[in-house]
Amino acid sequence: MGIVPVFMSIHTLPPGAFTPERIEELARLGQSDPEVRGYRSFHSLAEGRIVWLLEAASKEAVEAWCKKVGRPLDGVTA
């Protein structure tokens, strides 16, 4: 098995819009998806900013996953 690329996704939402419970739910979804695997996240719920490191085959797979789980997306970079 080859090396899986890691992508950084950046998300901005209204401060307080995501709860710690919602972050936990997204983390669980990121561990059970066959296309995208959550690696690590950093967030400030008070500021409404989330940065997520995800393993995926492509940038497009990360974008599709974010849309599927309803996470607003500012951008994705390798």
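Predicted model only: the values in this text are computed from it and were never measured.
- S44 pairs by the side chain to side chain contact (heavy atoms under 4.5 Å, CB included) definition with A46, E47, not counting sequence neighbours.
- Listed by chain and residue number, nothing satisfies the side-chain hydrogen bond (donor to acceptor under 3.5 Å, both in side chains) test with S41 (two or more places apart in sequence, or in another chain).
- Residues K68 and D33 have side chains in contact (heavy-atom distance under 4.5 Å, counting atoms from C-beta outward).
- Under a hydrophobic-cluster definition in which Ile, Leu, Val, Met, Phe, Trp and Tyr are linked whenever side-chain heavy atoms come within less than 4.5 Å, directly or via other members, M8 and L73 are assigned to different clusters.
- Enclosure of atom CD in E35 is not indicated, since only 12 or fewer non-hydrogen atoms of other residues, nucleotides or ligands lie within 6.0 angstrom.
- Hydrophobic clustering places L45 together with W52 (ILVMFWY residues linked when any side-chain heavy atoms are closer than 4.5 Å, directly or through intermediates).
- When the salt bridge (charged side-chain N to carboxylate O under 4.0 Å, His left out) test is applied to K59, no partner is found at least two apart in sequence or on another chain.
- V62 and L53 are assigned to two separate hydrophobic clusters, defined by single-linkage of ILVMFWY side chains at heavy-atom distances under 4.5 Å.
- Residues P72 and G70 share a closest heavy-atom pair of CD-O, 3.7 Å.
- In this structure Q31 satisfies the side-chain hydrogen bond (donor to acceptor under 3.5 Å, both in side chains) test together with R37, sequence neighbours excluded.
- Residues satisfying the side chain to side chain contact (heavy atoms under 4.5 Å, CB included) test with K67, not counting sequence neighbours, are none.
- Evaluation of the side-chain hydrogen bond (donor to acceptor under 3.5 Å, both in side chains) rule for H11 yields S9, R71 as partners, not counting sequence neighbours.
- For A17, the side chain to side chain contact (heavy atoms under 4.5 Å, CB included) test picks out L13, P14, with sequence neighbours left out.
- Partners of R49 under the salt bridge (charged side-chain N to carboxylate O under 4.0 Å, His left out) rule, at least two apart in sequence or in another chain, are D74.
- Contact detail for G38 and L54: the closest heavy-atom pair is CA-CD2, 3.7 Å.
- Linking Ile, Leu, Val, Met, Phe, Trp and Tyr whenever their side-chain heavy atoms come within less than 4.5 Å leaves L26 and I10 in two separate clusters.
- Put simply, OG1 on T77 and CZ on F7 are 8.5 Å apart, with the number rounded to the nearest 0.5 Å.
- Taking the side chain to side chain contact (heavy atoms under 4.5 Å, CB included) definition, one finds that T19 meets it with E21, R22, sequence neighbours left out.
- Residues V36 and A56 approach most closely at CG2-CB, 4.0 Å, considering heavy atoms.
- If you chain together hydrophobic residues whose side chains sit under 4.5 Å apart, I23 and W65 fall into the same group.
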